[in-house]
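Keep in mind that the numbers below use all heavy atoms, side chains included, and drop hydrogens, waters and symmetry copies. In each ligand, atom 1 is the first atom listed, and ligand 1 is the first ligand listed. Keep in mind that what you see is a predicted model, and the values were worked out from it rather than measured.
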Amino acid sequence: MSSNAVLVTGGAGFIGQHLTSKLLSKERRVVVVDDFSTGKPLKEHPKLTVIEGDISDESVRKEALTQVKSVINLAAIASVPLCENMPEVSRRVNYLAAQSLFQEASESGVSAILHASTSALYGVPKQLPLNEKDPINPIGNYGLDKQKAEDALLSIKQSPVCALRLFNVFGLGQQRGSPYSGVLTIFSERIVQNEELTIFGDGHQSRDFIHVNDVVSAFIGCLEDLEKNGIYSKVSGKKFNVCSGESMTLLDVVDSFSSYTENEIVLKFKPPREGDILHSSGSFDSLNKAIGWTPSTDFSERLQELLL
Ligand code: NAD
Ligand code: UD1
């Protein structure tokens, strides 16, 4: 295996597929570890190695780590309600496996360890937009386990590490036909099929939607900076929001969708989901100052694309 290989855990998932293709297009070798619980088969590529396995399994982690220069950890149960329904799986995958991976990666001397953290760590915000200095107060298993994983990563001082707190990521390629997918994927799918949309709560909850291409550029920007500057990188030992800086309510989203379809959109309201956060929006100033990252996709254009 060449010395530029990157391990992408969860590389068969929504964000993982986009990230893997981008890394391959930059002539990086990629080793994907995925149990395909929500991931889809990856297109074959001469520089791609896929290890089908559970990231909780030490032998799987070891097999992958011996082949790579750097690590990006995306494998997780990404659905907030699924983590509520399956607390032991959330703890095993989202926290314990991540913690072991970080420790073992650091011990094996990799050049960079990056992790997909989440805005869910902030819990119910006291003020918006959120920045990285704001208090952490996750609610629910997903947020709590992701917090422990982030803490485990940032406690490693001897390796270049960085956590990206992703806000609500959207774009083509998110798992379809699943009630556990992101809201924009579910809504677009239902609109196309002429099915009613379910809104949990009153629809006034807001989210900061960030396109998957921007998330990929944030990971690659941080990866390259860590590999170049090691623990002296401006992103090393830190966590960063990855967000658009704008927030939309679900009712705003429905309005936007309605301007791109002739299908009638029918809404059905149900009680709010347990562990749901009401409002979320972030500031990306820190990542911008560190590596010049800025989101560059047009929300409306990308929303429209989901309906095609
Ligand atoms: P996803 O479900 O599409 O991808 C997760 C991948 O991990 C899947 O391919 C799945 O098969 C794999 N996986 C799950 N358990 C595994 C295990 N035990 N061993 C090996 N592989 C396993 O989700 P995503 O939206 O691509 O999310 C990727 C990461 O980003 C997750 O860590 C998630 O918590 C984080 N994140 C996502 C969002 C978002 O809005 N999508 C926002 C914040 C953070
Ligand atoms: C999402 C991510 C999570 C990430 C977090 C960061 C997914 C599946 N989850 O969680 O990994 O860490 O962002 O902020 O990508 N809703 C409806 N109707 C539906 C589906 C959802 O009303 O059919 C509502 C939900 O109750 C919630 C909002 O839409 O209020 C967003 O839900 P969802 O897309 O699941 O994302 P988060 O729970 O914010």
Side-chain angles (χ1 to χ4, degrees), residues 8-20 32-42 51-57 60-61 64 72-84 89-90 92-94 96-98 101 115-122 130 138 140 142-143 145-146 149-150 163-171 173-175 178-187 189-190 196-210 212 215 219 241-243 248-251 253-254 267-282:
V8 181
T9 74
F14 164 47
I15 299 170
Q17 294 253 1
H18 286 273
L19 181 59
T20 297
V32 162
V33 169
D34 203 295
D35 69 355
F36 294 91
S37 48
T38 59
K40 291 176 297 194
L42 289 126
I51 300 173
E52 182 168 355
D54 186 337
I55 199 67
S56 317
D57 181 338
V60 169
R61 295 194 301 266
I72 303 180
N73 182 47
L74 304 179
I77 312 299
S79 156
V80 174
L82 257 189
C83 290
E84 284 307 298
V89 186
S90 170
R92 179 171 58 77
V93 181
N94 293 3
L96 296 172
L101 176 74
H115 171 61
S117 190
T118 164
S119 61
L121 262 61
Y122 293 111
L130 290 155
Y142 176 76
D145 287 326
K146 285 294 237 180
E150 189 190 276
L164 296 183
R165 291 183 177 164
L166 313 181
F167 280 60
N168 285 64
V169 188
F170 79 105
Q174 200 168 27
Q175 197 188 20
S178 163
Y180 299 112
S181 238
V183 67
L184 298 188
T185 296
I186 295 176
F187 279 9
E189 219 179 336
R190 289 182 161 263
E196 63 185 13
L197 310 185
T198 303
I199 294 204
F200 299 113
D202 60 8
H204 289 287
Q205 68 261 52
S206 58
R207 291 293 187 273
D208 181 325
F209 294 103
I210 177 79
V212 65
V215 171
F219 270 112
N241 288 345
V242 177
C243 54
M248 286 188 95
T249 69
L250 289 194
L251 295 178
V253 165
V254 171
L267 303 180
K268 182 167 85 183
F269 290 86
K270 283 196 173 171
R273 272 189 338 202
E274 210 168 313
D276 216 10
I277 291 156
L278 207 49
H279 296 296
S280 171
S281 85

Ligand-residue contact atoms, ligand 2 with Ser119, heavy atoms, under 4.0 Å
6 (C), 14 (O)

Note: ligand 1 atoms sitting under 4.0 Å from heavy atoms of Asp54 are 17 (C), 18 (N), 19 (N)

Tyr142: numbered ligand 1 atoms lying under 4.0 Å from its heavy atoms:
33 (C), 34 (O), 36 (N), 44 (C)

Nearest to atom 22 (C) of ligand 1, what protein heavy atom do you find, and at what distance?
Asp35 OD1, 3.1 Å

Atom 17 (C) of ligand 2: of Phe200, Phe167, Tyr180, the nearest heavy atom sits on Phe200

Closest to atom 2 (O) of ligand 1 among protein heavy atoms sits Thr38 OG1, 2.7 Å

Any N/O pair Ala75/ligand 1 closer than 3.5 Å:
no

Using a 4.0 Å heavy-atom cut-off, which part of Gln174 comes near ligand 2: side chain, backbone, both, or neither?
side chain

Measure from atom 12 (O) of ligand 2 to every heavy atom in Tyr142, Phe187, Phe170 and give the option owning the shortest one.
Tyr142

Give me the residue, atom name and distance of the protein heavy atom closest to atom 44 (C) of ligand 1.
Ser117 O, 3.3 Å

Going by the order shown, which atoms of ligand 1 are within less than 4.0 Å of some heavy atom of Val93?
15 (N), 18 (N)

Which residue and atom name correspond to the protein heavy atom nearest atom 36 (O) of ligand 2, and how close is it?
Asn168 ND2, 3.2 Å

Counting only heavy atoms closer than 4.0 Å, does ligand 1 sit against the backbone of Ser79, its side chain, both, or neither?
neither

Using a 4.0 Å heavy-atom cut-off, which part of Leu166 comes near ligand 2: side chain, backbone, both, or neither?
backbone

Asp276/Arg207 ion pair, N-O < 4.0 Å
yes

Can you tell which of Asp276, Ile210, Thr249 gets a heavy atom nearest to atom 25 (C) of ligand 2?
Asp276

Closest protein heavy atom to atom 3 (O) of ligand 1, given as residue, atom name and distance to 0.1 Å
Phe14 N, 2.8 Å

Close-contact set for ligand 1 against Ala78 heavy atoms, below 4.0 Å:
23 (O), 27 (O), 33 (C)

Relative to the ring of Tyr122, is the ring of Phe167 parallel (under 30°), tilted (30 to 60°) or perpendicular (over 60°)?
tilted

Are the side chain of Arg61 and the backbone of Ser56 linked by a donor-acceptor contact shorter than 3.5 Å?
yes

Counting heavy atoms under 4.0 Å, the part of Pro179 that contacts ligand 2 is neither

List the closest protein heavy-atom neighbour of atom 4 (O) of ligand 1: residue, atom name, distance to the nearest 0.1 Å.
Gly13 CA, 3.5 Å

Quick check on contacts: which atoms of ligand 2 are under 4.0 angstrom from a heavy atom of Ile199?
22 (O)

Donor on one side chain, acceptor on other, His204 and Thr249, under 3.5 Å
no

How about Thr185 and Phe170: do any of their side-chain heavy atoms sit closer than 4.5 Å?
no

Which atoms from ligand 2 have a heavy atom of Thr198 less than 4.0 Å away?
17 (C), 18 (N), 19 (C), 22 (O), 23 (O)

For Ile186, the ligand 2 atoms whose distance to one of its heavy atoms is below 4.0 Å
23 (O)

Which of the atoms of ligand 1 are close to Gly53, meaning less than 4.0 Å from one of its heavy atoms?
19 (N), 20 (C)

Atom 34 (O) of ligand 2: closest protein heavy atom, distance to 0.1 Å, is Val183 N, 2.7 Å

Quick one: look up the protein heavy atom nearest atom 26 (O) of ligand 1 and list residue, atom name and how far away it is.
Ile15 N, 2.9 Å

Any side-chain heavy atom of Leu19 sitting closer than 4.5 Å to one from Leu74?
yes

For atom 39 (O) of ligand 2, the option (of Arg207, Arg273, Gln205) bearing the nearest heavy atom
Arg207

Any N or O of Asn168 closer than 3.5 Å to N or O of ligand 1:
no

Out of all atoms in ligand 1, which are within 4.0 Å of some heavy atom of Leu166? Include the element for each.
30 (O), 36 (N), 42 (C), 43 (C), 44 (C)

Which residue owns the protein heavy atom closest to atom 40 (O) of ligand 1, what's the atom, and how far is it?
Val169 N, 2.9 Å

Which of the ligand 2 atoms, numbered from 1, are nearer than 4.0 Å to a heavy atom of Thr118:
4 (C), 5 (C), 6 (C), 12 (O)

Hey, is ligand 1 close enough to Gly16 that some N/O pair sits below 3.5 Å?
no

Numbered atoms of ligand 2 (with element) below 4.0 Å of Val80, judged on heavy atoms:
10 (O), 38 (O)

Any Gln17 side-chain heavy atom under 4.5 Å of Gln174 side chain
no

So, Asp208 and Ser280: side-chain donor and acceptor under 3.5 Å apart, yes or no?
no

Atom 2 (C) of ligand 2 has as its nearest protein heavy atom Ala78 O, 3.9 Å

For atom CD of Glu196, is the number of surrounding heavy atoms from other residues, nucleotides or ligands below 6.0 Å larger than 12?
yes

Region of Lys146 that comes within reach of ligand 1 [heavy atoms, distance under 4.0 Å]:
side chain

Min side-chain heavy-atom separation Leu267-Val254 under 4.5 Å:
yes

With heavy atoms of Leu250 as the reference, note each atom of ligand 2 found under 4.0 Å away.
17 (C), 22 (O), 24 (C), 29 (O)

Kindly indicate whether the side chain of Val183, heavy atoms from C-beta on, has any atom under 4.5 Å from the side chain of Phe209.
yes

Under the criterion side-chain contact (heavy atoms from CB on, under 4.5 Å), which of Val242, Leu121, Leu130, Thr118 is the partner of Arg165?
Leu121

protein heavy-atom neighbour closest to atom 29 (C) of ligand 1 works out as Leu74 O, 3.2 Å

Quick one: does Ile15's side chain get under 4.5 Å of Val169's, heavy atoms only?
yes

Any Ser280 heavy atom less than 4.0 Å to ligand 2
no

Donor-acceptor pair between Glu150 and Ser117 side chains, under 3.5 angstrom
yes

So is Asp34 polar-close to ligand 1, meaning N/O to N/O under 3.5 Å?
yes

Does an N or O anywhere in Ser37 fall below 3.5 Å from an N or O of ligand 1?
yes

As an exercise, identify every atom of ligand 2 less than 4.0 angstrom from a heavy atom of Ser181.
8 (C)

Which atoms of ligand 1 sit under 4.0 Å from any heavy atom of Phe36?
11 (O)

Proximal ligand 1 atoms for Ala116, defined as those under 4.0 Å from one of its heavy atoms
29 (C), 30 (O), 32 (O), 35 (C)

